[in-house]
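Read through the structure below, which is laid out as structure tokens, and then see the notes.
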Number of protein chains: 2
Amino acid sequence: MHRLRRRADMPDAADPAPMNAPSRRKFRREGEERRRQDLIDATLDSVAEHGLEGATLRTIALRAGVTAGLIRHYFPGKEDLLQEAYAALMGRMTEQAKAALVMENASPRQRLAAFVTANLNAPIIDQRVFSLWATFIGRAGADPTLARAHREGYLGFRNEVEAVVAEVLAAERRKPDANELRHHAIAINAIIDGLWIEGCLAGEMFSPGELAAIGIKAIEAELGLAPEKQFQEK
Amino acid sequence: MHRLRRRADMPDAADPAPMNAPSRRKFRREGEERRRQDLIDATLDSVAEHGLEGATLRTIALRAGVTAGLIRHYFPGKEDLLQEAYAALMGRMTEQAKAALVMENASPRQRLAAFVTANLNAPIIDQRVFSLWATFIGRAGADPTLARAHREGYLGFRNEVEAVVAEVLAAERRKPDANELRHHAIAINAIIDGLWIEGCLAGEMFSPGELAAIGIKAIEAELGLAPEKQFQEK
DNA sequence: AGGCTATTTATACACTTGCACAACAACGCC
DNA sequence: GGCGTTGTTGTGCAAGTGTATAAATAGCCT
């Protein structure tokens with residue numbers, strides 16, 4: 001029995017109790033945005049748990065608490081759903097990452113340290129998010145759409161880093177040229193990315209705050225900042 | 001017509017030319033190791049190109065120049081083939097990465113620089129290898145076997161880094177404690193990993209050797225080494 | 001209350017997937 | 001050369017896959 005029918009099976013005289021037949025699943029109508037978000041979340045959950053291969057429409061629908069057919073009512077096809085899910089993931093990641101930069105009344109150096117700390121702790125250090133990132137980015141080589149989405153996210157992130165670095169160095173009365181600045185941004189970005197991966201894949205190997213401390217020290221070394229004690233973590 | 005049959009279709013009196021019927025595919029018997037390697041390579045190619053979802057037994061077999069049924073003769077199931085393919089990939093990656101460390105007649109610092117340079121240029125900087133790495137590692141969260149394989153590879157790599165770092169610092173008459181050494185290794189590992197990703201995903205944004213130069217400078221800063229000019233790249 | 005309509009379910013369908021197995025033929029051995 | 005072994009092919013099959021579509025009903029409007 002691999003097709004689950006509730007009604008149309010055995011068309012002639014086989015149902016012993018025709019009275020209770022119409023039992024159809026109860027449902028509620030949700031708002032359009034709510035449904036789309038639920039479906040996207042369910043998609044990300046499915047991908048994180050079973051990979052792209054295991055994220056079938058039925059699995060996704062089950063997780064979202066609806067039936068598979070409904071997906072087609074909101075998305076033209078599975079590919080579109082995956083695209084939107086990836087876009088949503090990237091949006092949340094960069095949003096969270098950049099949120100740590102909007103600090104009032106803080107020196108550039110403090111803002112940089114806070115940025116690094118935010119990126120190297122929960123919720124950005126998270127195995128589920130990493131799995132999603134890796135699963136999607138693994139297809140960037142073959143899917144130009146994904147590749148462009150990544151490139152934009154990456155450059156946006158790096159530009160943020162470069163801007164803070166410029167402020168930090170300016171506060172130190174240093175005037176780096178454009179290429180020097182770019183190299184610093186690339187290196188710092190690499191440090192954050194690399195530590196992020198290590199934390200996501202083997203978080204329990206590091207004590208709380210350890211990755212952030214390592215990252216801040218490495219970045220300060222990269223920028224040639226004296227490790228002043230006034231910037232210890234609270 | 002969705003099933004391609006060559007013989008058994010239409011069992012009675014439908015074949016106009018029964019003479020040419022037995023045309024069966026010619027084949028050669030390869031050695032066992034050769035076949036296994038070919039199948040593993042075809043698997044990696046398929047995964048790199050279409051992701052885990054697109055790597056079907058038929059696709060893999062087609063690429064290996066055999067028919068799908070043969071795979072079952074060498075591997076108990078698809079999952080086993082994927083496991084072995086991942087193991088082979090990791091083996092080649094770490095092998096290449098460590099190969100740069102076995103230099104005779106070189107100072108520790110030169111060996112470190114060569115190690116970084118090797119890891120941040122072709123063939124280790126390679127989009128296909130990155131796609132494979134990301135695709136597999138994305139399932140590490142759900143698959144304990146993959147997670148352990150990664151952990152072992154990662155720790156092995158980091159221990160290599162730590163050993164070279166110890167030599168470099170020893171040559172500078174510095175005696176770091178164990179925790180300091182560990183932090184250096186983690187940071188340097190992150191720098192290499194981060195730059196590796198950037199290079200794989202957007203290699204054309206960097207001029208040749210640029211990533212290696214950035215990496216070496218960042219690592220020397222992390223270790224507090226004076227950027228002596230005698231270590232320029234040839 | 002009762003109808004309208006768009007959301008939601010249920011089902012159908014063509015096709016794919018991993019696996020099973022029988023038939024076949026390439027190659028070594030006598 | 002013939003023969004047996006076994007690597008290899010061809011084919012079948014149940015369980016899914018994404019998509020299409022008819023049927024039902026939830027909830028709003030009047």
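All chains are named by letter (A, B, ...) in the order of the sequence lines, taking the proteins before the strands, and each is independently numbered beginning at 1. Predicted, not measured: the structure shown is a model, and the values here were computed from it. Heavy atoms only: backbone and side chains are in, while hydrogens, waters and symmetry mates are out.
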Show me, pair by pair, the donor-acceptor contacts under 3.5 angstrom made by side chains of residues 57-68 of chain A, not counting sequence neighbours?
residue: A:T59; atom: OG1; partner: A:T56; partner atom: OG1; Å: 2.9
residue: A:R63; atom: NH2; partner: A:E49; partner atom: OE1; Å: 2.5

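If you check distances only, the side chain of A:R58 never reaches the base of D:dG16 with a donor-acceptor pair under 3.5 Å.
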Sub-3.5 Å pairs of nitrogen or oxygen atoms, protein against nucleotides 7-9 of chain D:
residue: D:dG7; atom: OP2; partner: B:H73; partner atom: NE2; Å: 3.3
residue: D:dG7; atom: O4'; partner: B:R29; partner atom: NE; Å: 3.2
residue: D:dG7; atom: O4'; partner: B:R29; partner atom: NH2; Å: 3.2
residue: D:dT8; atom: OP1; partner: B:R28; partner atom: O; Å: 3.0
residue: D:dT8; atom: OP1; partner: B:E30; partner atom: N; Å: 2.8
residue: D:dT8; atom: OP1; partner: B:R35; partner atom: NE; Å: 3.2
residue: D:dT8; atom: OP1; partner: B:R35; partner atom: NH2; Å: 3.0
residue: D:dT8; atom: OP2; partner: B:R35; partner atom: NE; Å: 3.2
residue: D:dT8; atom: OP2; partner: B:Y74; partner atom: OH; Å: 2.6
residue: D:dT9; atom: OP2; partner: B:T67; partner atom: N; Å: 3.0
residue: D:dT9; atom: OP2; partner: B:T67; partner atom: OG1; Å: 2.8
residue: D:dT9; atom: O5'; partner: B:T67; partner atom: OG1; Å: 3.2
residue: D:dT9; atom: O2; partner: B:R24; partner atom: NH2; Å: 2.5

Give every pair of a protein N or O atom and an N or O atom of nucleotides 1-3 of chain C that lie under 3.5 Å apart, one pair per line with the distance.
none

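Residues of residues 75-86 of chain A that place a heavy atom closer than 4.0 Å to DNA chain D, in numerical order, are A:G77, A:K78.
Put simply, CD1 on B:I60 is 14 Å from C1' on C:dC19, counting in whole angstrom units. Rounded to whole angstrom, the span from the CG atom of B:L57 across to the C1' atom of C:dC21 amounts to 16 Å. If you take CG of A:L39 and C1' of C:dT8, they are 12 Å apart, rounded to a whole angstrom.
With sequence neighbours excluded, the residues forming a side-chain contact (heavy atoms from CB on, under 4.5 Å) with B:H73 are B:L70, listed by chain and number. Partners of A:A99 by side-chain contact (heavy atoms from CB on, under 4.5 Å), not counting sequence neighbours: none found. Residues passing the salt bridge (charged side-chain N to carboxylate O under 4.0 Å, His left out) test with B:R29, sequence neighbours excluded: none. By the side-chain contact (heavy atoms from CB on, under 4.5 Å) test, A:Q83 is found to be paired with A:D143, A:T145, residues two or more places apart in sequence or in another chain being considered. Remark: B:E30 pairs with B:R28 by the salt bridge (charged side-chain N to carboxylate O under 4.0 Å, His left out) rule, at least two apart or across chains. For B:L101, the side-chain contact (heavy atoms from CB on, under 4.5 Å) partners at least two apart in sequence or on another chain are B:R111, B:F115, B:E160, B:V164.
Checked against A:T43 for a side chain to side chain contact (heavy atoms under 4.5 Å, CB included), the options A:L89, A:L132, A:L82 give a single hit: A:L82.
Within the structure, ring pair (Phe, Tyr, Trp, His ring centres under 6.0 Å) pairs that include any residue of residues 182-216 of chain B comprise B:F130-B:W196, B:W133-B:W196 (at least two apart or interchain). Residue pairs satisfying the ring pair (Phe, Tyr, Trp, His ring centres under 6.0 Å) criterion with at least one member in residues 79-104 of chain B, sequence neighbours excluded, are listed as follows: B:Y86-B:F136.
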